[in-house]
Amino acid sequence: MDLFINLAINGIATGMLIFLIACGLTLIFGLMDVLNFAHGGIFAWGAFVGVWGYSVTQNFLISIVLAVIAGLLIGLITEYLIIRPVYGNHIQQILITLGFMLVLSEFIKVVFGPNILAAQKPPFLQDYWLVGDVTIIKYRAFTIVVGFIIFVAIMAVLKYTKIGLIVRAGVMDKEMIQALGVNIRLVFIGVFMVGSALAALGGALFAPSSGVAYAEMGMEFGIFAFIVVIIGGMGSVPGSLIAALLVGLSNVFMAYYVPSLAMAVTMILMFLVLIFRPEGLFKVSGVSNK
Amino acid sequence: MIKTLQKSTWVYLFTGLMLVLLPFFKDERWFLFLMIQIFVFGIFAMSYDLLLGYTGIVSFGHAMFFGVGAYSVAITLDRFEPSFMSLLLGIVIAMAVGGLIAFIAGILTLRLKSHYYAMLTLALANLFLVLAEKWRSLTKGNDGFTFQIPELPGGLEDHRNMVIYLFCLVSMVVIFFGLKRLTESPLGKILVAIRENEQRVVSLGYKIMPYKVIISVISGVVASFAGVLYAISIRFVDTSVFAIDMTLDALLMTIIGGVGTLVGPIIGAGIIEFAHHYLSELSDVHWIFERWIILFGILYILVVIFFPSGIVGTINHKLATRKQRKKEDEQSDKLAS
Amino acid sequence: MTNTLLKLEQINTYIDQFHILQNVNFEVKSGEVTVLLGRNGAGKTTTLRSIMGLNSALSGQIVYKDEDITKLPAYKIAKKGIGYVPEDQGIFYDLTVGENMRVGMRQEDEATKDRMEWVLELFPDLKKFWKKPGGQLSGGQKQMLSIARSYVNDNDLLLIDEPSKGLAPVIVEKVIESIEKMKEKTTVVLVEQNFYMASRLGDSFFILDDGMTVHQGDMKELRENEELKRKYLGIA
Ligand SMILES: Nc1ncnc2c1ncn2[C@@H]1O[C@H](COP(=O)(O)OP(=O)(O)O)[C@@H](O)[C@H]1O
Ligand SMILES: [Mg+2]
């Protein structure tokens with residue numbers, strides 16, 4: 001029982017981190033019809049900036065803020081230089097964002113050096129609580145809480161604010177929302193920046209929990225995020241939360257019981273979705289997968 | 001039209017012949033090895049362009065075919081005695097498995113937006129990478145393993161590298177002409193039509209899925225064969241054959257050389273392999289050359305934005321407009337006189 | 001002419017490589033309902049989309065309130081006070097009726113709130129379905145929502161594309177009444193195949209055929225001209 005709860009907490013924490021990358025990806029896809037293969041690179045940048053920021057300032061909060069700012073900036077650059085020239089051309093988008101992913105990863109090595117960086121947890125999140133005979137690692141609980149807060153915040157913004165309604169409406173019908181007087185381009189840039197910042201936040205939270213930051217983590221987690229977006233339904237935020245938790249949990253449990261099949265189980269989930277429900281668990285109207 | 005076709009065919013054959021003669025003049029090990037890499041990656045990149053350039057399908061997991069090819073032949077030669085029979089068996093297994101994977105990926109995602117094939121293949125390739133790392137009894141994990149290739153008869157064994165060079169060259173030329181035939185066949189024409197305007201092809205009453213799946217399978221089979229050659233040429237295999245870098249190499253070669261042509265990927269392979277070789281040597285001069293992939297990444301992005309048809313495509317386009325202009329000039333001259 | 005609100009001069013619009021509108025001329029006077037007629041595929045929707053900036057004209061000029069808006073992006077055109085009710089209604093399916101109304105508001109000030117109340121009196125049904133997703137409304141309800149959404153802003157011009165299409169006569173009557181009420185406040189361009197509706201609401205008309213303006217005049221004139229009606233509108 002102790003083990004089970006531990007694994008579950010670990011799985012949910014992992015799922016929350018994947019959710020942070022996936023939700024930006026899914027919104028960008030739904031709204032702009034752009035699948036950003038460079039998104040994972042921003043996750044890696046978030047991790048490195050966070051680790052670097054913490055080593056310099058010794059202040060966890062500041063390091064997180066720095067990572068988020070880096071995410072916003074990289075998001076802005078990506079939208080401006082990389083995505084804008086290729087709107088409307090899927091093939092070019094896919095090609096160019098993957099190329100940018102390559103550049104982002106390599107640039108990490110240029111800026112932070114080619115080696116793996118060690119990441120530390122801040123002192124106040126280093127140990128664990130004992131609840132009965134269950135140990136709860138503080139940092140994991142912290143990750144879960146942050147992920148959950150972000151999810152609730154995103155949902156509240158999408159549900160209750162005007163800008164949220166505009167984003168949702170834009171996902172369904174880009175033309176009509178413009179005919180109602182909305183400059184969708186500005187909304188695009190905003191969503192792109194926020195989505196990138198969330199990925200960077202995910203990276204900054206991930207590094208301390210795994211203890212390391214390495215350039216290839218962008219691709220690795222980027223792949224998880226794509227899978228999650230497919231399973232959850234392109235354009236759906238709740239869908240990506242459910243799918244991220246599913247992937248996180250199944251990975252952690254499999255990694256414990258049948259380690260060699262951990263990756264396979266995620267893939268099997270995706271295969272099942274592609275065969276039986278290619279639009280994903282949550283279908284968003286107006287977003288087509290054809 | 002037929003005349004120009006023949007002319008280009010002669011050019012290709014002549015170039016091929018020159019390449020056959022090349023090692024008799026310059027037979028240093030590193031050079032032969034570099035050329036072999038170019039042939040192998042030329043084949044790999046051609047298979048990639050069959051999808052990207054001719055059909056408009058983006059694969060981000062092409063490395064898995066390459067890797068499956070490499071591991072199939074390596075494992076077969078390692079497990080059985082290194083005879084030509086085992087080699088042949090390895091090649092057959094490689095191509096069959098490669099084709100099967102491509103078929104599955106194709107039927108699952110080719111009816112959906114282009115993103116899906118890209119993502120599925122990316123994820124699948126990652127799965128194979130993990131599989132190769134974890135299935136140690138078969139693959140020896142991250143360390144990889146060396147293996148023997150069949151001994152050549154008579155005095156040829158002394159010129160082994162030369163033989164491999166020729167074998168890879170001939171394979172590339174044969175595959176080149178085979179794919180050329182394929183792309184100029186009615187099937188190839190339909191593929192290009194699908195790339196240009198999928199809706200139109202559908203409204204003409206064609207079912208496009210089967211065509212896309214067929215091309216995906218052919219591409220997978222050819223890519224697996226490239227993997228076979230790769231493994232044979234270095235007599236060693238490890239998990240790096242499944243790495244995303246392999247796919248990125250094919251992508252760079254195709255994009256920089258020129259999408260939608262078959263010479264383009266080969267030229268791209270030449271450029272990238274030579275650049276790789278020389279730029280790495282330059283890393284003593286300036287650190288940026290050690291991160292040469294950044295330069296290529298940026299170059300690649302610029303090419304995608306500004307020259308979406310690559311070197312060969314852009315040259316072809318220039319030639320075509322020049323020819324057109326010449327024709328018009330001639331006509332206006334005629335009218336004037 | 002001071003009371004011309006909108007004027008299209010020699011408009012040419014392409015969809016992909018197809019030349020859809022060919023030198024279309026079209027004029028709308030302030031305070032009137034101008035009806036745009038023509039058979040299916042004549043280019044009526046494309047004309048509205050060109051005005052709206054959703055399918056900008058390649059050449060020619062669109063002048064609104066003495067200002068050239070031909071090349072402006074759609075959102076800027078909308079902000080100039082032009083409301084659009086597209087042929088497919090443009091309802092956001094996953095948004096509720098209330099959210100659809102709110103997302104359509106360019107401002108959320110007192111005046112808008114007053115107009116909202118007025119609109120809800122006009123279409124009391126909408127209040128009943130306030131929390132229902134737009135995708136679950138019936139065709140008539142969607143049409144009313146779309147029209148209501150365009151009324152909520154302080155628009156000087158409304159472009160309404162075939163509002164009677166596929167609706168039951170009772171509902172058509174409701175839509176007509178609402179437009180009659182709106183007529184007192186704004187200028188309207190109405191695309192309509194339903195001649196009954198067109199003749200009840202219209203002050204003047206334009207007929208499009210094959211992407212060209214072929215006729216224009218007072219609605220009164222068209223009511224009596226059997227030949228025109230037969231030739232371009234297929235009404236015996
Ligand atoms: N996406 C499109 N591609 C090609 N032709 C189109 C497209 N949309 C509309 N058309 C053509 O443009 C013409 C005008 O269409 P439209 O403006 O919708 O006519 P109307 O609203 O008068 O029925 C029609 O002949 C139609 O076939
Ligand atoms: Mg119409």
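Labels below follow one simple rule: chain letters A, B, ... track the order of the sequence lines, proteins then strands, and each chain is numbered from 1.
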Residues that Phe129(C) engages under ring-ring contact (aromatic ring centres under 6.0 Å, His included), provided they are two or more places apart: none
Distance (rounded to the nearest 0.5 Å) between Asp94(C) CG and Asp173(A) CG: 12.0 Å
Chain A neighbours within residues 36-64 of chain C, where any heavy atom lies under 4.5 Å away: Arg49(C), Met52(C), Leu54(C)
Nearest-0.5 Å distance that lies between atom CZ in Arg102(C) and atom OG1 in Thr161(A): 7.0 Å
Separation between CG of Leu165(A) and CE of Met101(C), rounded to the nearest 0.5 Å: 13.0 Å
Point-to-point distance, once rounded to the nearest 0.5 Å, from CD1 of Ile177(A) to CZ of Phe92(C): 4.0 Å
Under 4.5 Å from a heavy atom of chain C, the part of Ile184(A) involved: neither
Options Gly135(C), Ala78(C), Gly83(C), Ser150(C), ranked by heavy-atom pairs under 4.5 Å with chain A, top entry: Ala78(C)
NZ/Lys174(A): more than 12 non-hydrogen atoms of other groups inside 6.0 Å: yes
Proximal component of Pro73(C), with respect to chain A [non-hydrogen, under 4.5 Å]: neither
Other residues, nucleotides, ligands: >12 heavy atoms within 6.0 Å of Lys132(C) NZ: yes
Residues that Phe226(A) engages under ring-ring contact (aromatic ring centres under 6.0 Å, His included), provided they are two or more places apart: Phe37(A)
Spacing of CD belonging to Gln89(C) relative to CE belonging to Met176(A), to within rounding of 0.5 Å: 10.5 Å
Residue-level interface, residues 103-110 of chain C with chain A, non-hydrogen cut-off under 4.5 Å: Val103(C), Gly104(C), Met105(C), Arg106(C), Glu108(C)
